[in-house]
Amino acid sequence: MAESWTSLLVVRKPAHLKRMLSGRPAKALAVNTGPRRQLHLALHHDDLRLTQQQQQQRVLLQHYRSLGHMPFKRPAPVPHQGTESGGESESSSRPPPAKQQKTSMQKALPDTTVYIVQAKLDVGGISELFELAEHHTKGACRNAMDADVIITAIAMRRRLERHVPWDIAETKAVVTPAWLRDSVDHGRALPCGDYVAIQDLLETTVEHCPDCNCKPCACSDGDSEAATPRFEAKQLPSPLSSPSTPVKQRAMSTSTKKEEKKPVVPQPVPEHLLPPDPPIPTNLAKLDYMSRYACQRASPLVCPNQALVRELDIIRRSRDLEGEARSALSYERAVSIIKAYPHEIRSLKQVEKLPFIGVKITGLIEEFLDTGKITEAQTINASERFQTLSLFSSIYGIGPSTAIRLYNLGLRSLNDLEVYYGVEPEDVALQSQIVEVEEKPRKPAWQRGQHKGDEGLGDSWTRVALGLREDLAKKIPRAEVEEMGRVVMRELEELEPGCVSTIVGGYRRGKMESNDVDIVFTHPDPSKVKGLCKRLVRKLHERGMVTHVMHLSGFHAHNALRTHHWDSLEKALTVFIMPPSSPFHTGVRRRLDLIFAVPDVYWTAVIGWTGSIMFQRDIRQWAKDKHGMKFDSSGITRRYDSKEFFPKTEKEAFDLLGLEWVEPKWRNADL
DNA sequence: CGGCGTACG
DNA sequence: CGTA
DNA sequence: GCCG
């Protein structure tokens, strides 16, 4: 069913290239137009000898270079990083860009109000147009109806109709972005006929063009808020919380102040769906750092033995990458138990009694106590193999198995991967603009790869992921996480007033920087929730804030007798980009996960998505071992009679399982 | 020696 | 297999 | 790799 809007948008590096696409006719370009196809074929066979592979690689690389494009700079293969708690130093945490400089120059179009259709524009283009609009016109308005001129990169009527009602479009000049640029350059409105965006609208566009004679502006002043591309966002510099305090968002019951006509009383959100006020403190004395369950321990973000834990985690990651999942699990547990140990470890005796510390790991700790390091970890970390596998599996969609396969093929760098997956120089250039890719009914990865066959080498999905990596590798500062929450909430509020949300994930556990943003939503009225996820994603997508949808699922309720209610959640895994109107706009794309839960399972969803992974795992384990209950993010079920429990608050869920209350900031059971 | 969290695409 |  |  109409997945048309689900199409993926590939947006890249708008910065310096955006000018280039100005006059060009809007045109969708397939990612997979590969004159390079043949070249891939040579690589499709797994069974080629390795040396042969490497030769192929070399040939490709040479070819690549001969094209004269040095495929954009890559962040140096992260030597691994993260020092102490204050180990940012990333360029990512730069302050929000100062708002555009107010020029006092004469406006080229002082009486013209424009409406900018963001669809099909890349971020750079959007922000450029908004800036032009702000500086050189009367302003950009929020509703097409209020504008004199509509600016769009869309060329097809059907497509435009999704964003602007046709009958309104017929009363405006509808032009391409080039019109605004050129008009600004010329210091006056140019004839719109030359820039008409959609042929069907040529006549009306000419008729309503603000060139030559000055028509009265149609944009009502009543819409002052929208007239200048919003400054509201910066109003609230997020007094939100101290770094380690978890933050939940309240539904802003004050939605649209102008519309209060209906007897639809803005019914207050039920207390229990909001975070407890005052927050519930953790009784550390009741927790037990010796417990086998992470959910019974207090695990701080940074522990007294952080250096040791980091060494062990290197080994853990290595085991994971090498496919030794079980071994990795043991290291994970060891890390976890040490993370909760409240003192600096000075002697082996302190450690020997801890669970999950066996022979092997005791030995490693002993070495660490003696020498301050663990040789095995150092060796691993210094190895090309480890560094490369880490790098490869940092790409979304590439896990340990694929990483090893690629490594065995002789690939070593992202550049190699790009060649292998057929990212071409022209693609790189293309990435500055919008590229549409059909959402293909692609077979899942586990069905390809089964030895021989096509391996899905030219897999456009992986290419997209490669292109995104540079951005997604960057950490997200807390303040930006909060802004993302606000921005998304604002859109949701327009869609369905009265929603409640909690930003979960590492952010909620107090991390200063996050790798992604997870938000759990609900609405007091359960019937309002169904389909909301898709609707929100669609809206964000139309607004240009969601550029990719990597996964989208609705809930199947308790249908098949198979497994009961599994997934009474809707979730969307997306790529988000801050709108240009936000003071936090940087153009860096971020992973954003949206989870919609009916109110009954809201708090279990929040618990589940708050993590950490080990904490979550052990909650499940605890629920099973001690209570014969099954816990997951969509509910708590008693195993013998399948009775479901729906805790009304987060604390109630802990009570139900006989667990001491543990604040999110004490749930950092993983490194 | 079996089990290690669990579900989904 | 990869992701949450 | 560790536990029961």
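Computed from a predicted model, the values in this text were never measured in an experiment. Only heavy atoms go into these numbers, but all of them, side chains included; no hydrogens, no water, no symmetry mates. Lettering follows sequence order; numbering is per chain, from 1.
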Report task. May I have the distance from A:I595 (atom CD1) to C:dA4 (atom C1'), rounded to whole angstrom? Result -> 8 Å
Query raised in the report: Can you tell me how far P in D:dC2 sits from the matching atom in B:dT6, rounded to whole Å?
Result: 22 Å
Query raised in the report: Name the one of A:Y293, A:F654, A:F631 that satisfies ring pair (Phe, Tyr, Trp, His ring centres under 6.0 Å) with A:W622?
Result: A:Y293
Query raised in the report: Using atom P of each nucleotide, how far apart are B:dC4 and C:dA4 to the nearest Å?
Result: 23 Å
Report summary line: note: A:D625, atom CG; D:dC3, atom P; distance rounded to Å ~ 15 Å
Query raised in the report: Can the positive tip of A:K511 be found less than 6.0 Å from the middle of the six-membered ring of A:Y507, inside 45° of the ring normal?
Result: no
Requested in this report: Identify whether any heavy atom of A:R316 sits under 4.0 Å from a base atom; if not, whether one sits that close to sugar-phosphate; answer base, sugar-phosphate or nothing.
Outcome: nothing
Report task. Check the distance between D:dC2's P and A:I361's CD1 and give it to me in whole angstrom. Result -> 5 Å
Query raised in the report: So, are A:E352 and A:K349 salt-bridged, with charged N and O less than 4.0 Å apart?
Result: no
Report task. Examine B:dC4: is either OP1 or OP2 under 4.0 Å from a nitrogen or oxygen in the side chain of A:R292? Give yes or no. Result -> no
Query raised in the report: Counting any heavy atom closer than 4.0 Å, what does A:Y396 reach on the DNA or RNA strands: base, sugar-phosphate only, or nothing?
Result: sugar-phosphate
Query raised in the report: Rounded to the Å, how far apart are A:L569 CG and C:dA4 P?
Result: 15 Å
**Report entry** Length of the line joining A:D670:CG and C:dA4:C1', which is rounded to integer Å
**Finding:** 13 Å
Query raised in the report: With a non-hydrogen cut-off below 4.0 angstrom, is A:L312 in contact with a base, only sugar-phosphate, or nothing?
Result: nothing
**Report entry** Heavy atoms of other groups near A:L348 CG, more than 12 under 6.0 Å
**Finding:** yes
**Report entry** Separation of C:dT3 C1' from A:L552 CG (nearest whole Å)
**Finding:** 15 Å
Requested in this report: Indicate, with a heavy-atom threshold strictly under 4.0 Å, whether A:I398 touches base, sugar-phosphate, or nothing.
Outcome: sugar-phosphate
Query raised in the report: How would you label the contact of A:I619 with the nucleic acid (heavy atoms, under 4.0 Å): base, sugar-phosphate, or nothing?
Result: nothing
Query raised in the report: Would you find a donor on one side and an acceptor on the other, under 3.5 Å apart, between the side chain of A:R412 and the backbone of A:Y407?
Result: yes
Requested in this report: Would you classify A:D618 as touching base, sugar-phosphate or nothing, given that sugar-phosphate means primed atoms plus P, OP1 and OP2, and contacts are heavy atoms under 4.0 Å?
Outcome: nothing
Report task. Nearest whole angstrom, please: distance from the P of D:dC2 to the NZ of A:K353. Result -> 18 Å
